[in-house]
Visitor: 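Supplied in structure tokens, the structure appears directly below.
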Number of protein chains: 2
Amino acid sequence: MNKKSQTAQAILDTAESIVQESGFNGFSYAHIADKVGIRTASIHYHFPNKEDLAVALIERYTDKFVAASARIDAESPNAPERLRKFIAMYRDPVLEYRTCLGVMFSSDASTLSEKAQEQLTGFISATLSWLEQVLSLGRSEGTLRFEGDAETQAHIFLASLQGAQLLARSFRDIRRFDQITEELISAFA
Amino acid sequence: MNKKSQTAQAILDTAESIVQESGFNGFSYAHIADKVGIRTASIHYHFPNKEDLAVALIERYTDKFVAASARIDAESPNAPERLRKFIAMYRDPVLEYRTCLGVMFSSDASTLSEKAQEQLTGFISATLSWLEQVLSLGRSEGTLRFEGDAETQAHIFLASLQGAQLLARSFRDIRRFDQITEELISAFA
DNA sequence: GTCTATAGGTGGATAGAC
DNA sequence: GTCTATCCACCTATAGAC
């Protein structure tokens, strides 16, 4: 179920990449068509309008996160390593001057449809829930130390990573990102 | 010097407000003209093109921050109170679903001109420098406690506020912002 | 300084042939 | 499923009258 054709996947791949770089208002059907090697009319066949495309983008991004976090849980038994892999997920796009799709959609939230906004909060909630669970695990394991409740710490951690992406991007300097995340990790020690 | 006419100020006021809500790619000359009550051609008289407008926006925003931070320094002798007033500056726009202009321009950085990007990093650098100085002061006063160097902590603090704005905006819930900032403050105690 | 008028381009979107 | 052709709204920007 939810099978998408190869072309639809290519369109989503390209759109995701452009949104991560320029935001949802920073791209057009023409941009996608050029990169994919099709005509704009073909995009409309797969995604009738821009809202459909936005919703599909966040939907798929959420699915990818759920899969990735499950993989992390399976591969890494201890909480600190899970956190480090999570940070790596947020670091990679910055190397290409991109950010998490959630950051971009959050910025452009006011121009998104109701449904797209709901998808967005769904994605962020999934991320926060996973982080909270990792932090709780770390605390009970004794591998992570922090004050206050895990939910608040999850918020701070995610907010810091989002801001770190924006700062590193503005300065075109990945070290700003690393500087922030290394201190975040060591604060839990 | 750098005196701007009343109309130019009104244009900047409106543009700033729209950018904070919808991003730099989310507004047009027509939007501004409508709100200010002039024609789009008049905007071009004051700001020949969109790049000029972007540069003027960040320039003025930086000036306003410098003035505001100087006022905070003058009014509040101790570091924790300075931090709290800084947080308030980032909280206010969220109430109207806006963010710091720096966040929006950072998101749209890839579509900005070279000069606008330089202005942007100038603004962020000014913010980071001021924060670093406040944190250093607090540490030497004994009113703020933290690990590592003040520069890194300034980065984390700013990144957290930026992310907190995005999170609160996405959920349309100011309490997410407050939850984050209260924990940030208490972590320094 | 602000206006009308308009140029020239690009945006998303549709109809209909293949 | 993908194409060509096309529509129309909107965009930034300019020329020139007032």
Side-chain angles (χ1 to χ4, degrees), chain A residues 2-19 21-58 60 104-105 107-117, chain B residues 2-19 21-58 60 104-105 107-117:
Chain A
N2 217 0
K3 269 266 167 66
K4 288 277 170 65
S5 75
Q6 262 190 312
T7 305
Q9 292 292 351
I11 291 169
L12 288 174
D13 288 343
T14 304
E16 182 178 296
S17 171
I18 300 181
V19 170
E21 188 178 335
S22 310
F24 189 65
N25 297 314
F27 83 101
S28 68
Y29 278 68
H31 293 141
I32 300 176
D34 276 355
K35 288 216 178 182
V36 176
I38 53 177
R39 300 287 161 169
T40 61
S42 305
I43 302 176
H44 284 282
Y45 169 80
H46 295 281
F47 306 98
N49 56 52
K50 234 184 159 181
E51 186 200 323
D52 298 318
L53 187 49
V55 171
L57 275 175
I58 316 181
R60 192 180 72 149
M104 282 301 183
F105 274 114
S107 296
D108 297 334
S110 72
T111 59
L112 296 179
S113 69
E114 272 300 313
K115 189 166 179 192
Q117 289 192 35
Chain B
N2 216 0
K3 269 266 168 65
K4 288 278 168 65
S5 75
Q6 261 190 312
T7 305
Q9 292 292 352
I11 291 169
L12 288 174
D13 288 343
T14 304
E16 181 178 296
S17 170
I18 300 181
V19 170
E21 188 177 335
S22 310
F24 189 65
N25 296 314
F27 83 100
S28 69
Y29 279 69
H31 293 142
I32 300 176
D34 276 355
K35 287 216 177 181
V36 176
I38 54 178
R39 299 287 161 168
T40 62
S42 305
I43 302 177
H44 285 282
Y45 169 80
H46 295 281
F47 306 97
N49 56 51
K50 234 184 158 181
E51 186 199 321
D52 298 318
L53 187 49
V55 171
L57 274 176
I58 316 182
R60 192 181 71 149
M104 282 302 183
F105 274 114
S107 296
D108 297 335
S110 72
T111 59
L112 296 179
S113 69
E114 271 301 312
K115 189 167 181 192
Q117 289 192 36

Visitor: Between A:D52 and A:K115, does any NZ, NE, NH1 or NH2 come within less than 4.0 Å of an OD or OE carboxylate oxygen?
Guide: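 No, A:K115 and A:D52 are not salt-bridged.
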Visitor: Working to the nearest 0.5 Å, report the span between CZ of A:F105 and CD of A:Q117.
Guide: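 Answer rounded to 0.5 Å: 11.0 Å.
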Visitor: Checking A:T111 against A:N25 for the side chain to side chain donor-acceptor pair (under 3.5 Å) test, could you report, in this order, the C-alpha distance in whole Å, the side-chain angles of both residues, the deciding distance, and whether it holds?
Guide: CA-CA 8 Å; A:T111 59; A:N25 297 314; 3.2 Å; yes
Visitor: Within residues 24-36 of chain A, which residues have any heavy atom lying less than 4.0 Å from an atom of DNA chain C?
Guide: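 Close to the strand are A:F27, A:S28, A:Y29, A:A30, A:H31.
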Visitor: Please state how far atom CG in B:N49 lies from atom P in C:dG9, giving the value in whole angstrom units.
Guide: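 After rounding, the reported distance stands at 18 Å.
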Visitor: Between B:S110 and A:E21, is a side chain to side chain donor-acceptor pair (under 3.5 Å) present by the stated rule, with each step listed?
Guide: CA-CA 7 Å; B:S110 72; A:E21 188 178 335; 4.7 Å; no
Visitor: Can you tell me how far the OG1 atom of B:T14 sits from the NZ atom of B:K35, to the nearest 0.5 Å?
Guide: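 Separation between the atoms: 7.0 Å.
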Visitor: Is the number of heavy atoms from other residues, nucleotides or ligands within 6.0 Å of CZ (A:R39) greater than 12?
Guide: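 Check fails, neighbour count at 12 or below.
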Visitor: With the side chain counted from C-beta on, respond yes when B:H46 and B:T7 share a heavy-atom pair under 4.5 Å apart, and no when they do not.
Guide: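 Touching, per the 4.5 Å side-chain cut-off.
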Visitor: Give me the first and last nucleotide of DNA chain D, going 5' to 3', that has any atom under 4.0 Å from a heavy atom of chain A.
Guide: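 First and last nucleotides in contact are D:dG1 to D:dT4.
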Visitor: So, taking the atom named OG in A:S5 and the one named CD1 in A:I11, what distance separates them when rounded to the nearest 0.5 Å?
Guide: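 The CD1 atom of A:I11 is 7.0 Å from OG of A:S5, to the nearest 0.5 Å.
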Visitor: Near DNA chain C, counting only heavy atoms under 4.0 Å, which residues of residues 107-117 of chain B show up?
Guide: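 Heavy-atom contacts with DNA chain C come from no residue of residues 107-117 of chain B; none.
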